[in-house]
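Report on one structure; see the data block that follows.
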Amino acid sequence: MPEKRSGTQNRRDLPQGQEVSELLLSVYHYLENAYGDLGWWPADTLEEMVIGAILVQNVSWKNTVKALSNLNRAGLLNFRALDAAGVQEVAELVIPTRFYNMKANRLKSFARHVTTQYEGVLQHMLQQPFEVLRKELLAIPGIGPETADDILLYGAKYPSFVVDAYTIRVLSRCGIIPEHVTYEELRAWFMAHLPHNVPMFNQFHALLDRLGNRVCLAKRPHCDECPLQEVCDLRLQERTLSQS
DNA sequence: GTCCGGCATT
DNA sequence: AATGCGGGAC
């Protein structure tokens with residue numbers, strides 16, 4: 001019979017309990033004090049927000065802006081027009097987002113869905129109940145959990161915590177979470193330990209994104225300028241001590 | 001694990 | 001010019 005671990009937390013499991021809520025809130029406050037209000041999501045319309053969420057997959061925001069402006073110039077920054085446009089034309093306009101054939105197909109899939117199910121009115125789609133909408137989004141080709149949660153939080157304004165690779169890198173480096181966690185598991189963990197507050201979820205993800213993008217880099221992280229130094233170093237120390 | 005295939009870095 | 005970074009969907 002496999003012996004049950006007691007005492008120290010298994011490194012492969014997510015920590016639980018009231019102290020987790022406090023730790024997450026302190027991470028949030030360190031970041032907010034350093035970076036202030038990031039004002040996400042940067043978009044003028046809901047349609048632009050959703051299109052941007054699809055285009056930004058796997059690429060920098062800078063490239064996404066180029067593609068958004070190309071689409072805008074072509075009058076394709078809305079789902080009715082995208083549904084009517086040819087994939088080839090769309091693909092050429094979104095070349096800066098790198099995986100342009102894939103992105104064009106994803107845009108077309110979403111446009112088709114909004115057109116056939118909601119007569120082209122995105123707001124009507126986003127008014128579905130939280131869980132219904134999440135399932136519906138995930139069923140659209142090219143919409144995975146992160147993009148779905150982007151749309152739920154920044155588009156529909158539901159308290160859906162957005163997890164991304166930066167979230168995992170930052171928190172696992174600090175020793176707060178294991179390196180290998182599934183998306184759904186980590187999202188549920190955040191949502192179980194934080195108040196379901198839309199502006200806070202909005203800002204928390206934006207802050208983690210900023211840190212992972214500019215400071216907590218995959219290679220040669222700039223730890224000297226990290227606002228989480230205190231939390232991070234503390235955790236690493238504790239782990240080292242408890243291993244001896 | 002694989003796909004996608006621009007752009008920053010070297 | 002060449003390399004490889006990079007990450008979300010499947």
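Lettering follows sequence order; numbering is per chain, from 1. Keep in mind the model is a prediction, meaning the values are calculated, not measured. These numbers come from the heavy atoms of this one structure, side chains and all, not from hydrogens, waters or symmetry mates.
- Nearest to the side chain of Met102(A), among dC4(B), dT10(B), dA9(C), sits dC4(B).
- Phosphate contact (OP1/OP2 of dG6(B), side-chain N/O of Tyr100(A), threshold under 4.0 Å): present.
- Of the two residues near DNA chain C, Val59(A) and Ile143(A), the one whose nearest nucleotide lies more 5' is Val59(A).
- For the 3.5 Å distance criterion, the side chains of Gln16(A) and His193(A) qualify, holding a donor opposite an acceptor.
- Within the 4.0 Å cut-off from OP1 or OP2 of dC4(B), not a single side-chain nitrogen or oxygen of Lys103(A) is found.
- Ring geometry for Tyr28(A) versus Phe204(A): interplanar angle over 60°, hence perpendicular rather than tilted (30 to 60°).
- Crowding of Glu119(A) atom CD: a count of heavy atoms from other residues, nucleotides or ligands under 6.0 Å not exceeding 12.
- Ring orientation note: the planes of Trp40(A) and His205(A) are nearly perpendicular, at an angle over 60° on the 30°/60° scale.
- The phosphate of dC4(B) (OP1 or OP2) has no side-chain N or O of Asn58(A) nearer than 4.0 angstrom.
- Between Tyr166(A) and the phosphate of dG7(C), there is a side-chain N or O to OP1/OP2 separation shorter than 4.0 Å.
- Between Ala67(A) and Val94(A), the shortest heavy-atom distance links the atoms CB-CA, 3.9 Å.
- Residue Asn213(A) contributes atom CG, which lies 15 Å from atom C1' of dG8(C) at whole-angstrom precision.
- The side chain of Arg169(A) lies closest to dG7(C), out of dC10(C), dG7(C), dG8(C).
- Atom CD of Glu92(A) and atom C1' of dG6(B) are 16 Å apart (whole Å).
- Considering only side-chain atoms of Lys66(A), the nucleotide from dC5(C), dG8(C), dC7(B) that sits closest is dC7(B).
- Closest to the side chain of Arg220(A), from the set dT10(B), dG5(B), dG6(B), is dT10(B).
- The side chain of Asp164(A) sits closest to dG8(C) out of dC7(B), dG8(C), dG7(C).
- One can place CG of Leu107(A) at 18 Å from P of dC4(B), the figure rounded to the nearest angstrom.
- Look at CG on Asp150(A): it is 9 Å from P on dG8(C), rounded to the nearest Å.
- The phosphate of dG6(B) has neither OP1 nor OP2 within less than 4.0 Å of any side-chain N or O from Thr97(A).
- Taking only side-chain nitrogens and oxygens, Lys62(A) never comes nearer than 4.0 Å to OP1 or OP2 of dG6(B).
- Rounded to whole angstrom, the span from the CZ atom of Arg214(A) across to the P atom of dA8(B) amounts to 15 Å.
- If you take CZ of Arg187(A) and P of dG8(C), they are 16 Å apart, rounded to a whole angstrom.
- For the pair Leu186(A) CG and dG7(C) C1', the computed distance is 16 Å after rounding to whole Å.
- Between Asn63(A) atom CG and dG8(C) atom C1' the separation is 15 Å, expressed in whole Å.
- Within the 4.0 Å cut-off from OP1 or OP2 of dG8(C), not a single side-chain nitrogen or oxygen of Arg106(A) is found.
- Checked for salt-bridge contact, Lys103(A) and Glu92(A) miss the test: no charged N lies under 4.0 Å from a carboxylate O.
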